[in-house]
Amino acid sequence: MSDLNNMTAAESAATKAAVMNQVPGPEIEGQSPLHHADLASLAKQGPKTSGVHLRELKLLGHLTLRCNPANADQLAAVERVLGVALPLQPLTSSENGNYSIRWMSPDEWLILVPGLETFDIETKFRDEMPGHYSLVNSSGGSTVLELSGENVVELLKKATPIDLHAKSFPVGKVVSTLLAKSTATIRRTGDQRFELVIRRSFSDYIWLWIQDASLEFGLVVEA
Amino acid sequence: MLRINCPFCGIRDEEEFDCGGEAHVTRPENPANLSDDEWSHYLFNKVNTKGILLERWRHTYGCRQWFNMARHTVSHEIIEIYPMGSFPSFNGMNVENVVKEVEA
Amino acid sequence: MTQQNRLTSGGRIDRSTPLTFTYNGKQYKGFKGDTLASAMLANGIDVVARSFKYSRPRGIVACGAEEPNAVLQLGATEATQVPNVRATQQELFDGLVSASTNGWPSVDTDVMGMIGKMGGNMMPPGFYYKTFMFPESLWDTYESMIRKAAGIGRAPKEKDPDTYDAINQHCDVMIVGAGPAGLAAALTAARGGARVIIADEQNEFGGSLLNSTEQLDGKPATEWVRAVVEELSTYDDVLLLPRSTVNGYHDHNFLTIHERRTDHLADIAPVNTVRQRMHRVRAKWVVLATGAHERPLVYANNDVPGCMITGAVSAYINRYGVVPGNELVVMTTNDYGYQAALDWADAGRKVVAIVDTREAAVGDRTEAARQRGLNIISGSAVIEVQGTKRVTGVSVAGLSASGAKVIGSVTKLKADTVATSGGWSPVIHLSCHTGSRPVWSDSVVGFLPGPTVQKQLTAGGINGQYETAVALQEGLDAGQKALAEVGLAVADVVLPEAKTLKVAAPMSLFHIPHLKPTSQAPKQFVDYQTDVTAAGIEIACREGFEAIEHVKRYTAMGFGTDQGKLGNINGMAVAAKALNKTIPETGTTVFRPNYTPIAFGAIIGRNAGALFEPERYTAMHKWHVEQGAMFEDVGQWKRPWYYPQKGESMQQSLNRECMAVRNAVGILDASTLGKIDVQGKDAREFLGRVYSNAWAKLAIGKCRYGLMCGEDGMVFDDGVTACLGENHFVMTTTTGGAAHVYEWLEIYHQTEWPELEVYFNTVTDHWSTATITGPNSRKLLEELTDFDVSNDNFRYMDWKQITVAGVPARVFRISFTGELSFEINVQANYGMAVWEKLIEAGAKYGLTPYGTETMHVLRAEKGFIIAGQDTDGSVHPYDLGMGWCVSNQKPFSYIGKRGMNRSDCTRANRKQLVGLKTKDPKQVIPEGSAAVLDPNGPKPLEIQGHISSSYWSETLGHSIAMGFIKGGLDKMGETVYYPLGDGTVIEAEICSPIFFDPKGERQNV
Amino acid sequence: MQKYSGFGLFKHSLTHHENWQRVWRNPTPKKKYDVIIIGGGGHGLATAYYLAKEHGITNVAVLEKGHLGGGNACRNTTIVRSNYLWDESAALYEHSMQLWEGLAQELNYNVMFSQRGVYHTCHTLQDMRSNERLVAANRLQGIDNEMVDAEQLQKEIPSLDCSKNARYPIMGASVQRRAGNARHDAVAWGYARAADALGVDLIQSCEVIDMEISDGKITGVKTKQYGVLKADRVGCVVAGNSGVLAKMAGFELPVESHPLQALVSEPIKPFLDTVVMSNHVHGYMSQSDKGDLVIGAGIDGWVGYGQRGSYGIIEHTIQAIVEMFPCTSRVRMNRQWGGIVDACPDASPIISETPIKNLFFNCGWGTGGFKGTPGSGNLFAHTLADGKPHPIAEPFSIQRFHTGALIDEHGAAGVAH
């Protein structure tokens, strides 16, 4: 049953899924999952130096792509749309400007793009992508926390069972794992810098957790 | 705590996984043709092996993929991890018997 | 108070830093570097406890984890109380407050002691199994007496002010124990470039070297220790953990280390620091260098304060500068015991005698003692001790060659301290944790680690190797082996020169005979903390408790907080003797985690209080809180339960909310419902297989309700699924069932039907859902959208993609209340924006926020089920009267079809869901109530079914209920009775569960 | 049988306790028995006792591969209650409860059955509903069980956090006041001693390695130590090892063996005078007469015969305990251990005939076997004596899995026990 994989983009477009631009006009301000924590004003008050720094990269476009890594046409289509290839190697990521792609599972990738470009890219995908795949906008369901600082590894070691040693967790590596009693997709972006993709409904819990677990290091909130 | 080598994500803690129980129990093609006894055998009976047991596991909090595992239920050693839809090879051991044991 | 037993020089204490501590309300002085135990001994404190069963005075016996007696209550404030702290492991800090845990009026003069003396003979092992039975009615009284006597220390009455955490570690080599073997292993592994963790339970590294005057490379051994520690701390990949006990060794080389970060500083941890930390370690290889525990000998009155083990005596002298007495008698079965006498003599106190159970043993240590002119009595033993609160003297007698009998005359010697050594027991606890059975060694006279499936190495004392030179070599070898195993090159390490002393063979002797038979001799203690005596063990054997596990359980040997570290082997030896077996024949001894006890707080780490479990919030949570909503826990979600207004009772709030929906319009935050995006050509086919009803013809733009069953045919979830595109659906699930349903779909796709082309994605958190429902809902929606939402253009069970309040939305016209309803779904980032606009615009239409409780009432008025409330895993769709939701036309045998056709599922008289109308309309049947046909019948009454949902319906002005009745669907109009706890009986008539608007007209307007 | 009593103790103390009789003989097995019971745990020993006592069948052997009561009998958390949901289970466990009452006197062995009450705390509306349903059902079944509200609960259990600021505030609880716990070792030893006195042969260190089956009928068992022992009927009561024995007999059971862990704190002064269990936060606790807090952990999701479970389960369990009893945070955990529980899909046991004639199985007690010990033995003895199940045992036949007439106690049982 794999005839869909032999369909052209046009053919599959004929049966394409519902796509909608979910972002309203600029007059309506979006509220990220940590909106209620008012990180902006905390950034103004709090300390400026400490062992751990936190920043919410909010209101990005989160697109979950599930497709067939063995389908060359699909891989080519992805490159046409994003200008960068899907990271096929498990636990890796790829990047092109403000586009980043995280490997999630053998047939799943998380694509982060600037919030306002989400719909265009979704539409491009629907026009370009042949065969059997799914593309889902999950921008409202998650947010990205950037954690950095000299104690960031120590902090994360308290929350995740993953080995964060540079030897086994180099820059660019991505893992989906447990984060305390929630989950996160963790990507290393520097020796002492990580990006965590977390779920909206758990974000307040994770925010509480980070504040508590970073007490011994001190926490700087960045706007 | 078990340390499980996910075929895609490498060795992770048991906490990231769920055990799906006995492997190689395939859903009957046409359940309607089965007697109540046959159906309940499929639904409920377990080999429950003391020794090497073939199980299904899922990397729930990682890549969410299902895979098979041959594990010793006394020592808790993991002998082999292999993909869904395939049988274990474990080096040198007589797979046939194990699989028979499983399907018996 | 002077420290009369403190030496003026020597030891590792800092005499320039005196510390004050309190014991039983009295102040004492000690020094930095002391343990509570060494400070107590320095101050001449003899009695530290009263024994558990016989209330005998007890003193300090050992100097580490094996100490059975010095178990104290710690804490200066109520909140910081810690029960059962071992004084030998507690570092002294200024202001430490401690107290003994038993004895009334005091541990020194205890009236229970008298009872112990007199009643002791009435309390053989297992005596409680043999009595307290008559009369039966008095057992409760007996037991409450027994229970009053229970326990050692006490729990605090206030909440713990400290915080704890856990940290995950990964390493190539985990080294347990930082004695000579462990340090050599660590140095080797570190130089080889491995990732190393080395942990030791003591406050500083060095192990046995800290307790001796031994030399390495001609310098004090501690110099070498300092150098090694200095080098180790220069490696980035080496983690040194003092004050850290490896308490558990689990499957697959997972270990837990309990690090005490502040217990040596104060009662309570300094601000922003954690009191204790659990390291959760995954090690490629483990090196156990845990050393050995010395065994005391078992002899009459061997529990009188002043009776110690020889290694402890040396440690107190050499490490703490404390001589725990004036006149020492040593009794030993081996050369090592002599060391205590040598150290004692060096400290300038009197060695009365060294009693060696062996005939003329010649080793370097024995010779040293002879040259010092110490009085050595060979082939003899201390058969009894005099004294009660402190040793006053000993009786020494000759032994037969085997050590089985006393021969010759008894001489009495005056002494205040008796140090004994029955040899050493390797510390094999951790290797036992992994399920490996230890193996007895006659040459070592102890158990050694057994075969294991773990990637485990051992070095030093744990192998029965007690000479430093050998321990160092074994440590180095283990380090090199570990390096090779993890693929690293051999490291270049030169070991320090250690003098190897000649050692004469030890004697295998555990239980010192007495002139009288064991059963009549003064008590000879095997396990101090549980008051188990040699006589007790003999009784157990005599009564037929022959397996060592039986002996231990019958006598309680090894069940104390020291888990029998001192006593187990001696106990096995006594049992073996009684049964004419060898020790290995009586069985083996297994140890389980924890190696030493651990605070609950440390085990749970940060997962306490506010962080015990996540609270999941929707995008509108803050608003609900501001409105003063009461919340209901549904899974991890906090859902608004109802919105009380000033002075309202819950029922009044519900009535108001219900009427608002029926007469005007209400708004519900439905964001928590599970939502799963389904894409792919076979999506439709897949839905048909997992739902009980048909999906083939659901058109784009339409919604349909579905029931999900297990293979057994029992309903486990339900929800509405909308067709978004030919290959695209969005499925909703119950709030609590979302995760399970998603896993359900994935497992069937991945393991049963991989050929189906379909992908699933959870989008629960992505969408915010505001449900507006009620006659005015359309008017409200019209105000916020340009789209024509009239009944002609937007039909019931349609969905539309439109803009609401300026935000792109998917609006589903489905209804769970029976009223005209719209479920407005927008990307969660804009959920609050839309919600606030709705609230604002809705005011004039009487828009009222309502919670889950009102939702439940409204749906019950319509007879809609709630999966999980009106189902319990034992009902299939037909039981629910929902046969309309089952399609048997489907070609594929969907999940549940076969199950619900098993004989018991198709029989008559199954429990079926019906409505129940009470005779008295004002009476609300309590949920859970059980129905009977004749409330006055004899018990047990046959239960016809139970009430699953029951409410007061303000809309209808009477109560409504849904429940199960055997064969209920054929019993419409019949009467059943619900007997309540208070004796009243509610009479109810079986009716249709649809109480309101049976034709469903209101949702179609 | 030598009678035990306070006076006896005094008398023996005069002779330094040198004259106590053996609690049981150490017989060498006969070649043939009327009934062989495989498994010398609590259930097996109780079965033997009731066979001899109530059915006059004394030519009975209990074969135990290790030592008596050395399996789950000495690893459980000793909870006894009978407030089960379905009529079938309620009847089974209440039958057991009534045997518990007075058991010490019947066996002349103090099993320390302490009816200090067992509470099920409710933390959600769903909890409240299922417990109210349970209480209502029990009332009609003639089993004591009642609801108490949070306020009352706080009065009855001061150390329990019934405040509103808990993560899942306690809304109330159901309590069976006749429930409680007992001394696990004593139960096994008491039954063993009494069975032995009635002539039952208790054979320790005797492992069954095969079954003697000809044309669908069992005639005996083959043992490692004593070769073949013949028997007219064989009862298998081996809990975690049921699957292994079933395989010997050539069939499979709807049973899986999982690790179940438990742990105790150090002994502390009286802290909790009853039994508290929470299905929602997943933990339960009581305090032993020695002072240990006895805590039951959850079950591992995988098959395991190693008597070891995962550390994560211990962590979660203690989290639940400290959430419910915040003052235990500084109390220290002493020891943990694991057992092997054989669990059925419907969380109810199997007391049943098998495909093999004259071979009967009593298994699948899952996490709740201890409380069932007397009832289980009593009913299984009846089954072995008559060759067909006692009416109370009938619904617990293996057949229920074929017909679908399951007795699903998950709703009520929740976590272990």
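Throughout, a chain's letter reflects where its sequence line sits, starting with A, and its residues are numbered from 1. Every value quoted in this text rests on a predicted model; they were computed, and no experiment measured them.
- No side-chain heavy atom of C:Thr518 sits less than 4.5 Å from a side-chain heavy atom of D:Glu18.
- For C:Asp633, the parts lying under 4.5 angstrom from a heavy atom of chain D are both the backbone and the side chain.
- Within the 4.5 Å cutoff, the side chain of D:Arg330 has no heavy atoms near those of the C:Gln81 side chain.
- Under the 3.5 Å distance criterion, with hydrogens and angles disregarded, a donor-acceptor pair is assigned to the side chains of D:Asn26 and C:Glu546.
- Only the side chain of C:Tyr164 comes within contact range of chain D, judged by heavy atoms closer than 4.5 Å.
- Residues D:Gln319 and C:Glu613 are not in side-chain contact: their nearest non-hydrogen atoms beyond the backbone lie 4.5 Å or more apart.
- Nearest heavy-atom pair across D:His17 and C:Pro124 is CE1-CG, 3.4 Å.
- The contact between C:Tyr554 and chain D is made by backbone and side chain atoms together, counting heavy-atom distances below 4.5 Å.
- When side chains are defined from C-beta on, D:His184 counts as touching C:Arg553, because their heavy atoms get closer than 4.5 Å.
- Contact of C:Pro938 with chain D is not made at all, since no heavy-atom distance falls under 4.5 Å.
- Of residues 304-314 of chain D, those residues with a non-hydrogen atom less than 4.5 Å from any non-hydrogen atom of chain C are, in numerical order, D:Arg308, D:Tyr311.
- Residue C:Ala547 touches chain D through its side chain alone, counting heavy-atom pairs closer than 4.5 Å.
- For a residue to count as touching a neighbouring chain, one of its non-hydrogen atoms must lie under 4.5 Å from one of that chain's; by this rule C:Ser874 touches chain D with the side chain only.
- Contact record, D:Asn110 with C:Thr131: ND2-O, 3.0 Å, taken as the closest heavy-atom pair.
- At a threshold of 4.5 Å between non-hydrogen side-chain atoms, the residues D:Arg133 and C:Glu927 do not count as touching.
- Chain D forms the most heavy-atom pairs under 4.5 Å with one residue out of C:Val85, C:Asp140, C:Thr256, and that residue is C:Thr256.
- Per-residue counts of heavy-atom pairs under 4.5 Å with chain D were compared for C:Gln73, C:Met278, C:Gln636, C:Gln276; the largest is that of C:Gln636.
- With chain D as partner, the option from C:Glu549, C:Arg542, C:His250 having the largest number of non-hydrogen pairs under 4.5 angstrom is C:Arg542.
- Only the side chain of D:Val322 comes within contact range of chain C, judged by heavy atoms closer than 4.5 Å.
- Put simply, of C:Pro597, C:Pro940, C:Gly544, C:Gly601, the one with the most heavy-atom pairs under 4.5 Å next to chain D is C:Pro597.
- Taking all atoms of both residues into account, the shortest heavy-atom contact from C:Gly873 to D:Asp408 is O-OD2, 4.4 Å.
- Ion pairing of D:Arg400 with C:Asp904 is absent here, as no side-chain N (NZ or NE/NH1/NH2) approaches a carboxylate O to less than 4.0 Å.
- Under the 3.5 Å distance criterion, the side-chain polar atoms of D:Lys290 are left unmatched by any main-chain donor or acceptor of C:Ala150.
- The number of heavy-atom neighbours closer than 6.0 Å to NZ of C:Lys148, taken from other residues, nucleotides and ligands shown, is 12 or below.
- The candidate from C:Phe52, C:Tyr595, C:Trp641 with the greatest count of non-hydrogen atom pairs under 4.5 Å with chain D is C:Trp641.
- Proximity to chain D is absent for every atom of C:Val71, based on heavy atoms less than 4.5 angstrom apart.
- The candidate with the highest count of non-hydrogen atom pairs below 4.5 Å against chain D, out of C:Leu941, C:Ile598, C:Ile947, is C:Ile598.
- Of the atoms belonging to C:Pro593, heavy atoms from both backbone and side chain fall under 4.5 Å from chain D.
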**Prompt:** Going through the checks in order, is the side chain to side chain contact (heavy atoms under 4.5 Å, CB included) test met by C:Tyr129 and D:Val23?
**Reply:** CA-CA 12 Å; C:Tyr129 301 135; D:Val23 275; over 6 Å; no
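- Of the two parts of C:Ile603, the backbone and the side chain both hold a non-hydrogen atom closer than 4.5 Å to a non-hydrogen atom of chain D.
- Heavy atoms closer than 4.5 Å to chain D are found in the side chain of C:Arg280, but not in its backbone.
- Listed by chain and number, the residues in a salt bridge (charged side-chain N to carboxylate O under 4.0 Å, His left out) with C:Glu853 amount to none (sequence neighbours excluded).
- Within the 4.5 angstrom heavy-atom criterion, no atom of C:Met900 approaches chain D.
- Judged as a side-chain hydrogen bond (donor to acceptor under 3.5 Å, both in side chains), the pairs with a partner in residues 149-159 of chain C (not counting sequence neighbours) are, in order, C:Glu78-C:Arg154.
- Side chain of D:Asp289 to backbone of C:Glu143: no donor-acceptor contact under 3.5 angstrom is found.
- Panel note: side chain D:Arg332, backbone C:Asn84; a donor-acceptor pair is recorded below 3.5 Å.
- The contact between C:Ala79 and chain D is made entirely by backbone atoms, counting heavy-atom distances below 4.5 Å.
- Checking side-chain atoms of C:Glu136 against main-chain N and O of D:Ala104 turns up no donor-acceptor pair under 3.5 Å.
- Rounded to the nearest 0.5 angstrom, C:Trp139 CH2 and D:Gln115 CD are separated by 11.5 Å.
- In this structure, the side chains of C:His550 and D:Gln204 come closer than 4.5 Å at one or more pairs of heavy atoms.
- Residues D:Asp273 and C:Arg147 approach most closely at OD1-NE, 2.9 Å, considering heavy atoms.
- C:Glu632 contributes no side-chain N or O that, together with a main-chain N or O of D:Leu125, makes up a donor-acceptor pair within less than 3.5 Å.
- C:Phe254 touches chain D through its side chain: at least one heavy atom from C-beta onward sits under 4.5 Å away, while N, CA, C and O do not.
- The two residues C:Thr561 and D:Pro267 make their nearest non-hydrogen contact at CG2-CD, 3.6 Å.
- The candidate from D:Gln141, D:Glu132, D:Glu315 with the greatest count of non-hydrogen atom pairs under 4.5 Å with chain C is D:Glu315.
- Considering all non-hydrogen atoms of both residues, D:Tyr168 and C:Gly635 come closest at OH-O, 3.6 Å.
- Of the atoms belonging to C:Gln520, heavy atoms from both backbone and side chain fall under 4.5 Å from chain D.
- The main-chain N or O of C:Tyr128 is never found under 3.5 Å from a side-chain atom of D:Arg183 such that the two would form a donor-acceptor pair.
- A search for salt bridge (charged side-chain N to carboxylate O under 4.0 Å, His left out) contacts involving D:Asp161 returns nothing, not counting sequence neighbours.
- The residues C:Glu543 and D:Arg193 are annotated as not salt-bridged, no charged nitrogen and carboxylate oxygen being separated by less than 4.0 angstrom.
- Per-residue heavy-atom pair counts under 4.5 Å with chain C were compared for D:Gly142, D:Gly69, D:Ala137, and the maximum is reached by D:Ala137.
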